[in-house]
Structure formats: C-alpha cells, structure tokens
There are 2 protein chains.
Amino acid sequence: MASRKSRPERRQEPLSRERIVAAAVELLDTVGEGGLTFRALAERLATGPGAIYWHVTGKNELLAAAIDAVIAPTLAGDDTGTTPQEAIRSLALGVFDAIDAHPWVGTTLAQLPRTPGKSPMLRVFERIGRQVQALRVPEAAQFTAASALLSYILGVAGQNAANTRAAQANTDPANTDRAAFLDAVATAWRELDPDQYRFTRDVAGQLREHDDRAEFVAGIDLILAGITAGRADGRTRP
Amino acid sequence: MASRKSRPERRQEPLSRERIVAAAVELLDTVGEGGLTFRALAERLATGPGAIYWHVTGKNELLAAAIDAVIAPTLAGDDTGTTPQEAIRSLALGVFDAIDAHPWVGTTLAQLPRTPGKSPMLRVFERIGRQVQALRVPEAAQFTAASALLSYILGVAGQNAANTRAAQANTDPANTDRAAFLDAVATAWRELDPDQYRFTRDVAGQLREHDDRAEFVAGIDLILAGITAGRADGRTRP
DNA sequence: ACCTGAACACCGTTCAAGT
DNA sequence: ACCTGAACACCGTTCAAGT
C-alpha cells in the first residue's frame, strides 16, 4: 500500500573504492590493526571477500589507502602568513594528532616506502621541504634537513603507536588511560638496576608530568634549532 | 667397528632458547620477515612446531629476542675517552649498521614499546641519555634530548627497512642494488607534477650522490647542534 | 621435563560461476 | 562490468599423547 516501487535498499549501494576504504578505516579504528580482515570487511559491506579484490589489488594497497585517507586531510591547510618554523610545527602536529586519533597509522606509516604518489609521506616531505627552503637553508643541506624532520616525525609515530598498544594490553582494552600507563612505566623504570640504568632512573620522574604532544614539538624545535644554528636568524621562536 | 658408542647426532642437540633464537635470526636474514614461520623454524631445528612453545611464549617474544640478539652486541663498546658527541655518533651508527645488515630489524624495532628489560631500545635510550648528561644539558631538558635522538634513530630505521624492501621488490630479490634503486626513485621524483612537488623535484638530483649512512649521521649532528645551540661549547665537531 | 605432530581456528587470495 | 562464495594454501597456537 505504502509505495508502489520500494526504494533501493541502503546496503545495496554499489561497492566502490571509497566505501571500501571508509569501512576499512572504521574497522581499524574500532577493532584495531588485527581487526582488518577481508572477511570482516566483506561482512560489513554485505558482500563476499572476493568482491573487494575487484576494487583493490590487495591488503597492502588497502592499508596504504586507509592511511592516506587519514593523513591527507591534515595537509589541506594553508602555510602563508606564518613563519617557516610555525608552519613546520603545525604541519608536524597535524600528523601527530592524526596518528594519535588513529593509532594504527603509526604502526604502518613508518615502513611505507617514500615512493611517489602512493605514499602520503611524500606529500609531508614536500611540505616540510618548502618550509626548509623558506628558512633559507643552503641548497646542499635542504635534503638532509627535510629528511631529518620527517624521520623524527615517523619515529615518534611508531613509538606512540607502540605505547598505545602497550597501554591497551596492560589495562582492559576499553580503558586507554595514558596517565596510568605512564605511571606504570615510571614505576618500572625506578626499579631498574641503578648501575645499569642510571640515566633512565634519573628521568623516570619526568614521565609523570609528561605530555606526549608537548614533548613531540620540543623535539621538532630541537631539530629546527640545529638547522638554523649559527645563523643570524637562528632563534627557533622568533 | 669404528666406535662402540656412536656419538650423539649433531641435530639431536637439545633444543634451547639460544638455538631457537639463532635459527630465527638465520631464517630472517636469509628468507626475510615473511619467512619466519613456526613450521619453517621447526623444520630447521628438526622438530615439530609445538616444541618451540616450550622455550618461547609466542611469536612476539621470539621476534623481540631475535632483535635483541642483533642489537645487544652493538652496545658492548666503551664510551670513555671520547667526546659525548662522538660517543652518540658511534652509538647511533652501531644501531644503523646492525639494521643495515639485518633489514628486518628496522621494521619491528620502531614499534616495540620502550618497556624495561624486554626491549633493547631501553638500553639504547640509557646510553644516549648518559652522553646527554655528559653534554651538560640542563636536567629538565635531558629527557627531551634523549627521546628526540632515539626517535630519530628509530624513524630512520623504519625508512631504511622500507627502502630495502622496496629495492628488493623492484629488482630481483638477489640483487639489492641500492644505487639502482635510488636512481629509479630520483627519476620518478623528477617526473612529478612541478606545481605539487616543487621541492621534491629540486632535491631529486641529490639522491644520486646520496649516502644513507652519511645522511644519517648528518641528521644526528643536526639534533646535537640543536641540543647544544646557544652554548659556549655549542660546536658539534670540536 | 621435554618433545611430537595432528588438530583448531583462523588468514589473504584466487577463480569458476553467476548476474 | 561487477559480484558471489567455495576452495586453496597457508598461518599461529594448543594439546593430548608420548618419552
């Protein structure tokens, strides 16, 4: 009685690369890295595992696309009107925040080759490089400077992902209490052998008031200071 | 006739954690990351897959132990009699060379949590930290400095592993011609859209005379310069 | 105490067959 | 052109049963 022709069912939208990647991101966010399975993905998309292969060559490409979907938006911002240092800081923080929100990104990101097009890393590299040029770094040193910044960002990304995973393993998966995790690490560090781990014990206390994000920018500033060291405009915070 | 009691067969040495880890390293070195399988490992040790579990809790622990076996020896050196900068450089290069010789280390290393004991990363952190203290970095900044250096090292490790893998994928697995790979990347970079990838195209030429190892130390020196910036003894190369 | 190896519960990927 | 889902060739891990 209601309607002559029933509307097309919601779940019968045609499959597409975008829908698949979106579902993959959702799966990764909710179930974690181990949860991304062609079978689970197929079920979520109300189809069979084989269907996905028509739109995507395999799991590697799917993962790369998922990472790209999460990282690319953070690179949309505009750099004009700020100092190069500020631009690099906000660029780096954008990547940091994206990884913080999607911890699974950090795990894989660091080991994607910096190949053209495919990898979002090349876009980050390019953006950093332009600011390095704006810093008037001599041409021969530009590659080194941009690479160092990118490597640092990737290193922190990996460590951060490892920490989130460890935090989730220690407590129940629902409770990602970062502070409690840091406390546990600090306590463990303080119990290390004083002869073998003098320094680690010394800095264990600093873990308590530790802010991952602030620490991350501090590292960026350290590298920026190194890049501009010995120059008239060498101050990092202008 | 030869001997009354036959000597125990070579392959019947009892299983032990060390033998298992050694076999795992060998497998990883020869067949790569995907080659480390409990079945393949069991075959190499002339036993069943289940036997391994009596000595090792699972694959994660096995991988961590394999990494430890490769990294730990590089930390054996003595730091006395050199400047802190030199000590940090040689420490970092030790890790770099170990990863270069065993590319599979780079993939996993970056995502091991810096937990006590388990991870070789904590030992590296400790060693770096001591030299940071020797650099007379103010106490409040020591953690940041040591963390930045470690993150950078881990980031390069991951990138390096990714590059070796990409190089092996492009050419036949036997031929890990790094130079040819860099050439291919340089060419690809030069073909990028000039509007979108201005910087990357600019530095593509530098890839040709690029030396991974030298580039790595240059980055370390950049961070060291940042750490000591603005101080009387601020020069990195004394 | 230590080893064996079949069995369990999964994977990614392929591919004939359908529409 | 696009989808289906059974089938293939694997995994890590467990565990009864052996010595």
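The structure presented is a predicted model; accordingly, all values stated were derived computationally and were not measured. Each chain gets a letter, A, B and so on, in the order the sequences are listed, and its residues count up from 1.
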Q. Between atom CD1 in Ile52(B) and atom C1' in dG5(C), what is the gap in whole Å?
A. 12 Å

Q | Arg17(B) CZ - dC3(C) P separation (whole Å) | A | 15 Å

Please write out each protein N/O paired with an N/O of nucleotides 6-11 of chain C under 3.5 Å, distance rounded to 0.1 Å.
residue : atom : partner  : partner atom : Å
dC11(C) : N4   : Arg39(A) : NH2          : 3.4

Q.
Is there a side-chain contact between Val185(A) and Asn163(A) in this structure, where contact means two heavy atoms from C-beta onward sitting under 4.5 Å apart?
A. no

Q) How many Å lie between CH2 on Trp54(B) and P on dA16(D), as a whole number? A) 18 Å

Q: Measure from the side chain of Ala51(A), starting at C-beta and using heavy atoms only, and say which of dT13(D), dC3(D), dC3(C) lies closest.
A: dC3(D)

Q) Under 3.5 Å, is there a donor-acceptor pair between the side chain of Arg123(A) and the main chain of Leu75(A)? A) no

Q) How many Å lie between CD1 on Ile20(B) and P on dG12(D), as a whole number? A) 14 Å

Q) Short question: side chain of Thr164(A), backbone of Asn160(A) - any donor-acceptor pair under 3.5 Å? A) yes

Q: Give a yes or no answer on whether the side chain of Tyr197(A) reaches the backbone of Arg190(A) with a donor-acceptor pair at less than 3.5 Å.
A: no

Q) What's the CG-P distance between Leu63(B) and dT13(D), to the nearest Å? A) 11 Å

Q. Using a 3.5 Å cut-off on both pairing distances, which stems of three or more Watson-Crick or G-U pairs include DNA chain D?
A. C:4-8 with D:12-16, C:12-16 with D:4-8

**Q.** Beyond-backbone contact of Val203(B) with Phe125(A), side-chain heavy atoms, under 4.5 angstrom
**A.** yes

(Q) Between Thr107(B) and Glu33(B), do the side chains contain a donor N or O and an acceptor N or O under 3.5 Å apart? (A) yes

Q.
Could you tell me how far apart Tyr53(B) (OH) and dG12(D) (P) are, to the nearest whole angstrom?
A. 7 Å

Q) Which of parallel (below 30°), tilted (30 to 60°) and perpendicular (above 60°) describes Phe143(B) and His210(A)? A) perpendicular

**Q.** Charged N-O contact under 4.0 Å between Arg39(A) and Glu43(A)
**A.** no

